[in-house]
Amino acid sequence: MVEKMKEMITERQNLFEPNVYVTMCVEIEGNVCPDRLAAAIREAYNANEAAMSKIVLDRGNAGYVRLASSGCRITVTDKPWTELVTENERKPFALDRGELIRTFIITGDTDTQMMIMAHHLAGDGKSIIYLIKDIMSAYAGASLPYKPLTLLTEASFVRPLPLSAKLYIRYCRRKWKNRCFNWQDYYALHHKYWENTASQIQYQTLSADETKQIIEKSRQIGCSVNSYLVTGFLQRYGKKCEVGIPVSIRENENEAMSNLTSGISINYCYHTKKTFADNALQVHKKIYRKLRKKKMLPLQFIACLPKTLTDACLLQTHGCCSDRLARQTAKIMGYIGKTKRDLGISNLTTVDIPTVYGSCRIRNIIFVPPAVSYSRNIIGVSTLNGQMTISWHNMRGQDAALSPCFSTQCSLLLPLFQDK
């Protein structure tokens, strides 16, 4: 075992994932000095253990090892941020050398943009929000406390697994030959995936009045804003849809860069003979029933699987491994077949960080969640300064024929959410 390695368990599902990048574009008002901002980014890296770590593979185990200096990158450019995304997602992150984050300072005539593309092993969407807070605080002259990486362990799970899951895990442990994979497999998978795959990103920021209207209608119906948005997309989808919903399990006041997100899914077909409100209430009930009973189940299942079998599932999914058990497990995890999500909706809700830092102000944060292997389309939602921004992230190439084009069907316009 490698000394001082913090072993990953639930994070293992992201290790061989070829498109698991959390992207944030931060629009900053004020006279921003690129060199000073770059220095603030370095300070923020140094203050977060996740940004100071490399990933180590050791005889089937995998984990984080702290480095003396961060391997995360900083680039000053004038390219559009969406172009930077499509360029950089095709370049594998050098996890074995500590490159878990790439930050781009995009200079303009008036405002400045800062685009952060982070591998999911660096943290979840909330983590990147808190990294932004650290960067802007350092830019304004504040000193940053050191924040260690928080990892889930088997002790993090209170409820026992369902009997069917227990039996399957016992079967996997008996049958799996414990084949180990290496960095050569990681890079080969990434290059193969991106040979015939392209990313598409669209986004729209709703006005303060439009955002307020959505919030008020949600309250009138008696559902959450998230349930309201999910119902809006289901309305346009027009058929039965498997919707994946990431769920934060982060405890209050924990601003460490860590992977503290689980997920649930619901299967629902919008009923055209019912009102939007009736559909929204049904969706809301389905979501909260799953949240009460099965919020931790996906992470707990992954934590109990043989470690290298989790790696093999992704290698099998993308044609870099051939194994019967890996294929069977990949189907259960939603990478292959009917259990693959049609749509994922990741809502950061109201971004809970300050917007003013000295003479600078964050005008907006555009959140683009990763288009992971178990979802064909992904929607990102963030609300800042009373305005909601919705992004749509879709992959074209490997299963394009199965992937409905939400950009044309949904268009991300306010009429999407109007009751008929």
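In this structure, a donor-acceptor pair under 3.5 Å is present between the side chains of E89 and S199. T389 and Q204 share no side-chain donor-acceptor pair at under 3.5 Å. Between the side chains of Y335 and T329, no donor-acceptor pair is found at a separation under 3.5 Å. One side chain, T275 or D278, offers a donor N or O that lies under 3.5 Å from an acceptor on the other.
Checked by atom type and distance alone, the side chain of S391 pairs as donor or acceptor with a backbone atom of F367 at under 3.5 Å. Of the possible donor and acceptor atoms, none in the side chain of D185 sits under 3.5 Å from a partner among the backbone N and O of F181. Of the possible donor and acceptor atoms, none in the side chain of R361 sits under 3.5 Å from a partner among the backbone N and O of G30. Side-chain atoms of S227 never come within 3.5 Å of backbone atoms of C223 as a donor-acceptor pair (strictly under, hydrogens ignored). Between the side chain of Q282 and the backbone N or O of N279, no donor-acceptor pair lies under 3.5 Å. Put simply, the side chain of R250 gets close to the backbone of N254: a donor and an acceptor are under 3.5 Å apart.
Note that CH2 of W81 and CD1 of I366 are 5.0 Å apart. Values are rounded to the nearest 0.5 Å.
Taking the six-membered ring for Trp, H120 and Y21 have ring centres at least 6.0 Å apart. For Y171 and W176, the ring centers are positioned 6.0 Å apart or more.
Between K147 and E49, none of the side-chain N atoms (NZ, or NE/NH1/NH2) sits under 4.0 Å from a carboxylate O, so this pair counts as no salt bridge. A salt bridge links R12 with D311: at least one charged nitrogen is closer than 4.0 Å to a carboxylate oxygen.
Under the side-chain hydrogen bond (donor to acceptor under 3.5 Å, both in side chains) test applied with R363, the options T205, D111, T355 reduce to a single match, D111.
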